[in-house]
Each structure stands twice: as structure tokens, then as C-alpha cells.
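Heads up: the structure comes next, in C-alpha cells.
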Amino acid sequence: MTNQSLTAGAPAIPRPEHPRPDWQRTDWLNLNGTWSFRFEPIGEGAGTSWEDGEAKDFPERIEVPFSWSSPLSGIGKNEAGIGWYRRTVAWRPEAAGSRIFLHFGAVDYRCDVWVNGVHAGSHQGGYGNFEFEVTDRWNAGGENVILVRAEDADGDNQARGKQGYGEIRGIWQPVWLEARPMVYVRDAKFRTSLDGRVEVTARIVAKEASAATLALRFQDGTVEHAEELTLAAGENTVHTSFQVAEPRLWSPETPHLYEGELRLTAASGEDAVATYFGIREISTARFGQRDYRWITLNGKPIYLNGTLDQSFHPTGYFTYPTDEDMRDEIFLMKRLGLNFARIHIKPEEPRKLYWADKLGLLIMQDMPCFWGEPGESARTAYESEAREVIERDYNHPSIFSWIMFNETWGLKSGKAAGSLTGDEFGNMNYLPETQEWVQGIYRWAKETDPTRLVEDNSACNWDHVETDLNTWHFYVNGYEKVREHIDNVVSNTYPGSTFNYIGGRTQTDAPLMNSECGNVWGIEHSAGDSDLAWHYHYMLNEFRRHDKMCGFVFTEFRDVTNEFNGYYRLDGTEKDFGYGEFVPGMTLVDLHAPDFIVIDAPPSQTAAAGAKVSVPLLRSSFSDRYHGRALTLVWELWHDDLGVRVVADRGERAVAWEDYGVAELAPLEVAMPKQDAVAVLALRLVAEGGETVSRNFVAFDVRGDGSVPESTGGIRTVSVPVGGFAQQTFAVQWEAIQGTKVSGAGAGAFTYEVRLPEREELALIGDIEIAFEAGAKRVLARNLEGVKTSDHGIGYMHGASANVEYNPNTYYMTDEMRHESKVTVCIDGEPVGSVHLPDDPADARGLLSWHYQPVDNRLDEAGSYGYLCRIKVPGRIAAKLDRNRRFRLELRAGEGGLALYGRNAGRYPLDIQVRCR
């Protein structure tokens, strides 16, 4: 491909690749890079002559294609207003007599363009692409002045979407020039069938009537077709079709693309366009005796493991800095075992959709909402943008669904129009006439694109009107509440039910799917920045219990400015969910496996030492890969005994794996350890040859009589509660998890008075070991200054930032950033050993800190845990203690602070233990 801006010696430009891999010609010029720029507030500039193409450069410099509010633009002015852009260009198409088009990926919101002082055209809408033919005003032998006026007034009636994380103002997608012959292909739509039949609808523009040949060549010439045409002057719509022998179907597992070109040959020249298509069919179907449908891909059920993707970058905002960044976004989702993403309240850039096509990720694509009332101007603007988006993105095989609206945003009238939800108004402000308009939009989208599923409104207020997907949102925290909520939704989902529909409408047999979930909004003052691993594990277990459910959308892929519930941090660094400590090798991929063993039980439960416990199981299959094959369930019940992994029970058994859906399995009967322990039942579903299909686990807080055994193997143990310190010397000190965790900020110490067994109990003390669980202590602003909360109004939906350190529910989840400290153990003031504390972690491994949370929707340092610390007391000091039988135990922390975990907090079921023998 030729991009004439990339010649030797030319300066590097941002985003140099062709913006449309799905529709690209070879003779083009990338206009990204430095333009002169001037900003003016709305209402200024009257009487100026900046429209004059001979005007001098503007005073500032901006980097296109980045929004003028973003850091990468070089402007960084987050204001609504008018941006003027100017660029001088010298370019001559390769073929004489070519037509020249100036193309914009997207400009927010109203745009006017002049070339050499002549108005080339206007466009309104912030997300669609548009072009102007500039042939008649282009000076092919010299310089040309391109002038762009972009006005973004943040109008209530404009389709803005969720831009608040960083506004997309002005030019925010690539700009390029393109040469075409006199007769050219404007666009083409591919409609595929599983038998290999491909129907093509092309729009061809001719200057005058002429004969032409349309040739299609794909897969290195193995797929070819030609059609002789008689064209009239103007735009011609051409229908043709061809057959692909032994078609290779597109799916997330096998994302095969038929890449090639369309070539239109006429007397005036040839128009060659590189493009591609994927063969796949998206639908819904009933299976067996079910009265509800599942989502299908290529005729088979597919379970959709998805995430909400805000597509936000901290430097480019909604424009990615590089093509590699877009590719990596898709890769980072797929490495988690996800097979789809919901692009939230915005259409995605074509290049990112290309990577979804290429790497294999299904996409739910939202339409941007307006934030005012659904008046005539808002509806007209919305309809125009929706049309542009569907036209542009029709050929991407990755897109399986269009979502026309989200959570009734922009659909409420009167007082409710600016509210966060419609619940406080009983949804009465979603008026019947607006419901009818939304129903009409759904039907228009189905008619425009019958190849995909269409959703009227991604509902959080139980207000569908007509839809291919019966979806709902929920943000609920706590196992029992999540289970009850999902059970209620599932039981009320059936044909004829009025549940989740509005205006007297009733459900059809449309597939049931969650389209937003997570614990970020299920907690008072929102979840802040906290462990999500525990919640995620039990929530996905609950989803997979239900045969009706076809998938979910987890909020969200990355943290953003006010929501910290991402799989990744905003900068792409990873969070550690900790599952591999429960089942070796387990990651998020296991929870997203199409073949899965469901544990139909709470994520943790209290059990008596030595008790027999029955664990109910289900099988969930949404793939036919193992149907008819022998699978084996391998299990073991284990616990950690002061750093030693002890297996209390284990076994395996064959599991029939015959069909799609959810079915009961015989429960597992397991024997608990005969001592206080955190026991884990680890499951692996294993195929022939030893391949692990998926992993899962459930945990038990095993309790004896509530104390550590007095004697085990000749060892006498004295247990000291972490909250029972005699004194402390930290500048700031506090307790958590009902007093079973104590923390100190910065350098300081906790001091305990310890009394050893009397001689009647233990005649001679030979060895002493001190064992405890401790972590560093990352001090938050709320620990020093107190909690500060704010009202989560509509500004949060616009992306208003949050100071997470003041949030009462914040406790940073384990990630790549470490907060280190050191604890030194002193006996009667003499150091006897020290332990490096690598971090102040919180994830699923902090099982006891989750198990003993008193309130589901208020997180008291939930998921936090420490490291097992064991210090052997030197013999010379043990001898003194043998004489005195009491001492002062001091646990000193360095500047990184100290957190001590007791029996009912952290990871290990112990207080401070002094073990003597």
C-alpha cells in the first residue's frame, strides 16, 4: 500500500497506518500530524475571515487525530467551543484525472471544511465518518490549504455518549486524502451464509453512463467472481453473489478472514479496493424442549463471557495513540478467556474493530446517547448517527449486536431527564410516545441489518419494549443477595411475562443475558478501589447455575477515572486475583471456560472440624468439543498448616458430558480436617490425555472448639489475640474486621505480654517459635484524615473523577505495584529475627477477611491478608524464657507500616502463636 506521507525523510506522524483496513485504496495520503490551531469559545469570532483559505497559520499547533482536550493533542484544553484547524498540503494522485476525496474518520460535533478558500461541505455528528469530493478545487501542481471548523457545544440534543472521562472534541479520528477513478465503488456489503454463499450489495458511482466489470478476488485467488455491469450516471446499486467452496467459518476460536479485493474496471480506469469478509451467522434458537432461546454463532449455542469496554486511554482519551495499542486491547481481553466485549455508549474505531475481526473477539456495539430530553432535534441527530455507524461497520464479522440505547439515558422527559436512574420516578418519565419511538428504532435497525441481533435498550430499569436480547443490569454485592437477585430474574423470565418490559408489553422467548454486572456500584459510596476477585468468582458460579442464561458483561475491562472494577489498571498493569493459590494453575480463563463445573454453594462456609460435608455440583456446557467424550472430575480437599500443604481428602470420578446446557451432578462428600483450618475443595475437569478443561474451588472455615489445639506432636501453643496488645507506638493505629485485624501507619510497634505454659504443663522449654500473619500497611488518605464521600449523581455517568483514597470501601487490590515493609520480632527488647513484608495485598486469598465481613455492601478492608511469618527464638533467649515463663513480645514495623491478622481475618486461621516444646 502506498501512503505518500511516509516517504524518505518525512517526519513521523501519529497513527500512520490506513484508517480503514476493511476498505482501503493504495493511492492515499495520511493527513495526521501537526496542524495549526486556534480555539475560541462559543459566540466569539463574529466578523472574522478565517474561512478565507489564504489566512495565515493559527498561533497554536495541534496533533491530529487527537481531541483538543487530550494530552496527546498538545493543546489539552477541556472546554466546549470551536476549534479551527489549518494545514497546507501538496499532493498529486498517481493516476492523471483521478477524483480526490478528503476523508474524516470522525469530528465532534459540527464540522465545516474549506479547501483553497472554497467551502467543501458540512457534517454534523461526533462518531460517523464522512468525506467530501474536492477534485474541482484541488491544485495538483502546488500547495493546497485545508481549513476545518469544528464546533462542540455539548448540546443536550447531540449524541455525546459517555465522554466524561475525556471529551472527544474536534477532530479525533484520522484524516486522509484518497484518489479514485471516475467510476468507483462507494461501498459494498457482504452477507454470508454457512453453506458458503456470499451475497454482495455494492454502490457504484459513475460520472457518466458506462459499461464496467466488477471482479471479486479473495483468499489468494481461490475465491473469484466477476460480474458484467451497465452503469447509469450517478449512483448504482449492484447485487451479486458467489459461492465459497468448503467455507472456513469465523468465530472467536477460529477468526478466519477472507481477505482480498474488489476491482471495478471501466473505460475511464480501474478502482481496486482491499477488503475482507468473514463467514458466520448470528442468531437465536430453541434447543430441546426449552421454551426460551439461546444465542447461537454458526448454528451452535455460545456462552458470552464479556466485559464492558470504555475504550478510554489516559493520553489520547477515546483515540488510541497507536495501532499496537488497539491490537493489544483485543489481546488483553482474549488472554483472560473472554470472547466478547460491549463497547460502551460509543461506536468503536474501525481499526480496533479490524483487530477484533483479526484476533477473534465478538463485539456488542452501542450507539451514543444524548443527555437531554428525547425531542425532535435529539431524535433526528441520533437517527443520522446510528445510520452512519451501521453503514460504516456492516462488514465487521466481530460485531454480533447493535445496542440502540443504554439504561434509558436520553429517553426520559421532564424532571427525570438528568437523573441517574428512573427508579425514584417510577419510570413514569419514559413516556409512551418515547417507547414507541424506541420500538421503531429497533425495527428500523433490524430492517437495515437483519444479520445481527438488535437490542432496544440495555435495561437497568426493567424497561424493554422490543428486543432480540432480554438483558438486564445489576450491581449487587454479597453472595446471598446476588444469588437471590439472579434467581428472581431467571424465574420471572418466560414468554408472556411482563417482567423487565414496560408499557404493558410482555416477554418473548428472547435469550436472557446480563449486559452489565459487578460490585463497583453495589456498595455504599461505590466500591472505591477494592478486591473484586472474591465477588467475581461467586457471581460467575451463580450465572453458570442457570440454563437460561447466555452470558454476561462484567464492568469492566480497565479501571477508569471513577470506577476501579477493571480486570486491569487503566495503564494496563495486571491485578492478581489469587485463584492459582486455591487450585494450581487456575486463572480467570477457567471461570470463562465453555465447559465448567458449577459449585452450587456459597464461596465459603463454616464447617466443624472432622465433619462430612456434601457439596452440590452442576455441569454447564456451551460447547460441543467434549460431547460424547469421557471427562473426569478430579478433586482434593487441602489446607495450609503453617506453610505445609496438607491433603485431607481426594478422589476422582467420571462425568457424563453429552449435551449443551446445565444439569445436576451427584454431590461430592468430603471430610473436613480435624483441626482449625482454611480448607479448600479444588476441582479440575480433565479430558482424555490429561488436558485440564476448567478449574474451580470452594472454601471452608473449619473450626474445632474455637481454640488452637493445646498440644500437637509435643508442641504447646499459646495463642495471643492480635487486638490484645499492651501498648502501641504508631502515629496512627486502627482496627478492622470486627477487631480481628490491627494496623499501624508508618514506623511503630505493637507490644504484647505473653505468658508461657507453667512447669506443670511443660517441664522444660527447649525450642520456641513465634508464628503470625502480617502484611505491610499502605496508608490511605481516609486513614489519616477520615472518610469523605460524595453524591454519585449524573456526573458520575459523565465520568466525573473520584478521589478513591477517601472512599470508605477502598482497599487496593493486589496488582503489580508493591507497598513493602519489614517486621522485626523483639523479645524483652532484644531483636530475635525479622521478616520482609512484600506488600499489603487484597484479593481472593484474603478468604477470612471476606468470610467475616459483617455487612455485604460496606467493605471493611475486605480481602486483605498478610504473609505467614515464622521466627525461631535463639536458644540463649529460649533458656531465659524457660526460667521466667513470661516476656514482652514486640512486633516492630519499618516505615511501610504493619497489619496483623487474627483468627478471623486474612488468610491463615491463627492469632499470634507462640509454639513451645
Side-chain angles (χ1 to χ4, degrees), residues 477-478 519 522-535 564 578 604 606 678 701 719-752 772-789 804-814 819 821 823 837 839-869 891 893 896-912:
N477 203 60
N519 61 344
I523 296 170
E524 285 186 4
H525 312 294
S526 88
D529 190 327
S530 59
D531 165 45
L532 57 96
W534 188 252
H535 174 101
F564 304 89
S604 62
T606 300
V678 170
D701 174 32
S719 184
V720 181
V722 296
F725 50 87
Q727 67 180 57
Q728 61 86 20
T729 60
F730 293 95
V732 180
Q733 189 276 318
W734 67 98
E735 297 180 354
I737 313 176
Q738 303 172 79
T740 62
K741 175 185 177 182
V742 297
S743 298
F750 291 106
T751 302
Y752 300 85
F772 56 94
E773 180 180 351
K777 171 44 59 189
R778 179 177 182 177
V779 182
L780 306 177
R782 68 178 171 87
N783 302 135
L784 300 176
E785 303 174 36
V787 168
K788 298 178 183 179
T789 61
V804 68
E805 291 219 344
Y806 289 102
N807 189 300
N809 301 295
T810 288
Y811 202 102
Y812 286 104
M813 184 174 176
T814 315
H819 181 91
S821 191
V823 58
L837 302 174
D839 198 11
D840 182 17
D843 55 61
R845 285 167 286 193
L847 187 152
L848 293 169
S849 294
W850 275 113
H851 189 69
Y852 288 100
Q853 287 293 303
V855 182
D856 289 328
N857 67 342
R858 299 178 203 150
L859 303 183
D860 185 15
E861 305 197 2
S864 62
Y865 65 95
Y867 303 89
L868 182 63
C869 302
L891 302 179
L898 180 64
L900 297 174
Y901 295 84
R903 168 61 180 83
N904 293 350
R907 181 175 178 179
Y908 301 95
L910 75 161
D911 285 297
I912 300 168

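Any value given below was found using the heavy atoms of this structure, including those in side chains, with hydrogens, waters and symmetry copies removed.
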- Message: Check this for me, if you would: do Glu861 and Lys741 make a salt bridge, where the nitrogen-to-carboxylate-oxygen distance has to be below 4.0 angstrom?
- Response: yes
- Can you see which heavy atom on Asn783 is nearest to which on Leu780, and at what distance? OD1-N, 2.8 Å
- Query: Counting only N and O atoms by type, is there a donor-acceptor contact under 3.5 Å from the side chain of Gln733 to the main-chain atoms of Thr729?
  - Reply: no
- Considering all heavy atoms, the nearest Asp843-Gly578 contact: OD1-CA, 4.0 Å
- Do Asn807 and Asp529 have side chains that get closer than 4.5 Å, going by heavy atoms? no
- Task: Please answer whether the main-chain N or O of Thr810 pairs with a side-chain N or O of Arg782 as donor and acceptor at a distance below 3.5 Å.
- Result: yes
- Query: Can you find a heavy atom in the side chain of His851 that is under 4.5 Å from one in the side chain of Thr606?
  - Reply: yes
- Hey, which of Trp850, Tyr811, Tyr812 is the one that makes side chain to side chain donor-acceptor pair (under 3.5 Å) with Asp531? Trp850
- With distance as the sole test, does Glu773 use its side chain to make a donor-acceptor pair with the main-chain N or O of Leu868 at under 3.5 Å? no
- Would you tell me whether Asn809 and His525 have side-chain atoms, one donor and one acceptor, within less than 3.5 Å of each other? no
- Query: What are the two closest heavy atoms between Ser604 and Trp534, and how far apart are they?
  - Reply: OG-CZ2, 3.5 Å
- May I have the step-by-step check of side chain to side chain donor-acceptor pair (under 3.5 Å) for Tyr867 and Asp839, ending in yes or no? CA-CA 9 Å; Tyr867 303 89; Asp839 198 11; 4.7 Å; no
- State plainly whether the residues Glu785 and Lys788 are in salt-bridge range, i.e. N to O under 4.0 Å. yes
- Item | Side-chain donor or acceptor of Asp860 paired with backbone N/O of Ile737 under 3.5 Å | yes
- Between Pro841 and Thr814 the two heavy atoms that sit nearest each other are CB-OG1, 3.4 Å
- Note: Gly522 and Asn857 closest approach over all heavy atoms is O-CB, 3.6 Å
- Item | Derivation and outcome, side chain to side chain contact (heavy atoms under 4.5 Å, CB included), residues Leu891 and Tyr752 | CA-CA 8 Å; Leu891 302 179; Tyr752 300 85; 4.2 Å; yes
- Hey, mind stepping through Leu900 and Phe750 against side chain to side chain contact (heavy atoms under 4.5 Å, CB included) and telling me if it holds? CA-CA 9 Å; Leu900 297 174; Phe750 291 106; 3.7 Å; yes
- Cationic tip of Arg907 within the cone over Tyr901's six-membered ring, i.e. under 6.0 Å and within 45° of the normal? no
- Please step through side chain to side chain contact (heavy atoms under 4.5 Å, CB included) for the pair Val732 and Ser743, ending with a clear verdict. CA-CA 8 Å; Val732 180; Ser743 298; over 6 Å; no
- Item | Donor-acceptor contact below 3.5 Å, side chain Gln853 vs main chain Val855 | no
- Item | side chain to side chain contact (heavy atoms under 4.5 Å, CB included) assessment of Asn904 paired with Leu848 | CA-CA 6 Å; Asn904 293 350; Leu848 293 169; 5.7 Å; no
- Message: Testing the basics here: between Glu805 and Ala781, what is the closest heavy-atom pair and its distance to 0.1 Å?
- Response: OE1-N, 3.1 Å
- Query: Hey, is the main chain of Gly897 close enough, under 3.5 Å, to the side chain of Ser821 for a donor-acceptor pair?
  - Reply: yes
- Is it true that Asp840 and Lys777 have a side-chain N and a carboxylate O under 4.0 angstrom from each other? yes
- With a 4.5 Å limit on heavy-atom distance, are the side chains of Asn477 and His535 in contact? yes
- In Å, rounded to the nearest 0.5 Å, how long is the span from CZ of Arg903 to CD1 of Ile912? 15.0 Å
- Query: Just by distance, do the side chain of Ser849 and the backbone of Ala905 share a donor-acceptor pair under 3.5 Å?
  - Reply: no
